[in-house]
Participant: 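Shown below is the structure under consideration.
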Amino acid sequence: MTVTELLSYDAALAAYDPVMGLEVHVELGTRTKMFCGCSTELGAEPNSQTCPTCLGLPGSLPVVNAIGVESAIKIGLALNCEIAEWCRFARKNYFYPDMPKNFQTSQYDEPIAFNGYLDVQLEDGEVFRVEIERAHMEEDTGKSTHVGGATGRIHGASHSLLDYNRAGIPLIEIVTKPIVGAGERAPEVAKAYVAELRELIKALGVSEARMEMGQMRCDVNLSLMPKGSEKFGTRSETKNVNSLRSVERAARFEIQRHAAVLQSGGTIIQETRHFHEDDGSTTSGRVKEEAEDYRYFPEPDLVPVAPSRDWVEELRATLPELPRVRRNRLREDWGINEHDMQSILNAGAVDLIVATIEAGADSAAARKWWMGELARNANEQGKGLDELPMTPADVARVAALVAEGSLNDKLARQVIEGVLAGEGTPDEVVDKRGLKVVSDEGALGAAVDEAIAANAGIADKIRGGKVAAVGALVGAVMKTTRGQADAARVKELILEKLGVSE
Ligand code: ADP
Ligand code: MG
Ligand code: ZN
């Protein structure tokens, strides 16, 4: 591989303004495919979820999936788009082995949703408006696996396997207008946009939008204009970028690469490029087709889609609160800063915390357990928080036991450990492990007397005014009670008995 020349990021931005276009494909979570009744369930035996329609056999006829159309309208509305009164599907003709019909059923000049925008919030709180060109319906292709080579690529493989289970799964493609004016923040805007879109799709309930599972994929188009110019340069299109971090890196790399080419007097060719996760670079793919190459024409086997205005308004009324608005509302309710909110978001803990609060915990306790003990545990096991065998109701119960003084933090951590180990509910773990704060004042008083007697020297110091020394006595009591005392109460008792006030 030839080494790609890059200009430093700062030098690139000093000379050029980036223009970006983001195309995001979202696989809908419908039960069946877009144009047939085949299941979309993941993990099935290859080619077990196919039929004449999604295999493109002669004589088969497609039928539009109503939930697919409904999901597309919801996405369009949430992106502030106009919804077409009438639109059609179109055939996008090209040959590819994983596309059994030799055309993809898509939409061309008549998308179901167009002309919208999505406001995204950057890390410092600034809001950037990304304008949406269109959102249209189409179908996914099958999947090729190249076998026998070292790299899993077709090059060097001895043969290829094709699985058409994915062929025909509904996709919504969301295309932005050219994003200008982001300057050096362009990569950050790209990442924030995809993140916001993902949250929105999840909130709409139309897809789980898991990028790591290919349910959401992004193509990053990028070009540069010399500073002061308003004429767009030639773009490159980096395909199938599959994580938020990669979206940001791909944009950054392309800015530096374009700048190096342009500055040395070269020209950018319009081409697709592949992104490489390992070093964040892109390499040349194929020279870009023009729309003409696809010989688009209206799909003759499907009736046009003409959503009634009543239906559109019904769907509009079901839209959830926008993720950005919800996030800001929760952040204020919880009284935390942007940075802490971002960590909660990154940990995927927002909904779990909300549910824990709904189950009765106060927000500080809910955040503390999810972002502390539970996040640590999830991390160690390489799992998501929502995959831990502990529910928001369990966490709320632990928080309640702490609030009523039955558990201190140390014991609460042991309870959580027990629940995660499958020992039962929080109450069952408390019973089985005998974890309860010693709150019997008599027993506690005796333990305190004992500690004072055994540490007469320290007790004298405290009486003499060295209150800080009380920690040693608290430690002694905690030891005799095996950690099962309320440390704050122990401290109070010691000072009381020594006749000292803090
Ligand atoms: P294609 O199917 O050829 O990729 P699309 O119109 O679907 O074309 O998508 C192109 C994307 O690139 C859109 O988001 C568009 O706004 C953006 N775009 C168009 N021209 C430029 C350019 N010169 N520089 C950067 N982005 C561009
Ligand atoms: Mg494209
Ligand atoms: Zn089918």
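When a ligand or atom number is given, it counts from 1 through the structure's own listing order.
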Participant: Answer yes or no: does an N/O atom from Phe232 fall short of 3.5 Å to an N/O atom of ligand 1?
Facilitator: no

Participant: Taking 4.0 angstrom as the limit, do Arg309 and Glu313 come out as a salt bridge?
Facilitator: no

Participant: Does an N or O anywhere in Pro178 fall below 3.5 Å from an N or O of ligand 1?
Facilitator: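 Checking ligand 1 against Pro178, an N or O pair does fall under 3.5 Å apart.
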
Participant: Does ligand 1 have any atom sitting under 4.0 Å from a heavy atom of Met20?
Facilitator: yes

Participant: One thing to verify: whether Glu133 and Lys177 come together as a salt bridge, which I'm taking to mean a side-chain N less than 4.0 angstrom from a carboxylate O.
Facilitator: no

Participant: For atom 22 (C) of ligand 1, which of the options Ser236, Ser223, Gly21 provides the nearest non-hydrogen atom?
Facilitator: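 Heavy atom nearest to atom 22 (C) of ligand 1 belongs to Ser223.
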
Participant: Inspect the surroundings of CD in Glu5 and state if more than 12 heavy atoms from other residues, nucleotides or ligands are less than 6.0 Å away.
Facilitator: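 Not buried by this count: 12 neighbours or fewer within 6.0 Å.
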
Participant: Decide if the gap between the ring center of Tyr294 and the ring center of Tyr108 is smaller than 6.0 angstrom.
Facilitator: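 No - the distance between ring centres of Tyr294 and Tyr108 does not fall below the 6.0 Å cut-off.
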
Participant: Any side-chain donor paired with an acceptor under 3.5 Å for Asn221 and Arg235?
Facilitator: yes

Participant: Can you tell me which residue among Glu254, Lys239, Arg249, Glu237 is in a side chain to side chain donor-acceptor pair (under 3.5 Å) with Thr282?
Facilitator: Glu254

Participant: Pick whichever of Val220, Asn221, Val180, Ile132 has a heavy atom sitting closest to atom 12 (O) of ligand 1.
Facilitator: Asn221

Participant: With backbone taken as N, CA, C and O and side chain as the heavy atoms from C-beta onward, which portion of Glu237 lies under 4.0 Å from ligand 1: side chain, backbone, both, or neither?
Facilitator: side chain

Participant: I'd like to check which ligand 1 atoms, numbered from 1 as shown, lie under 4.0 Å from a non-hydrogen atom of Thr176.
Facilitator: 13 (C), 14 (O), 15 (C), 16 (O)

Participant: Need one value: angle at the Zn ion (ligand 3), Cys36 atom SG versus Cys54 atom SG, rounded to 10 degrees.
Facilitator: 110°

Participant: Taking atom NE2 of His155 as the centre, report whether more than 12 heavy atoms of other residues, nucleotides or ligands fall under 6.0 Å from it.
Facilitator: no

Participant: Which atoms of ligand 1 have any heavy atom of Glu23 under 4.0 Å away?
Facilitator: 2 (O), 4 (O), 7 (O), 9 (O), 10 (C), 11 (C)

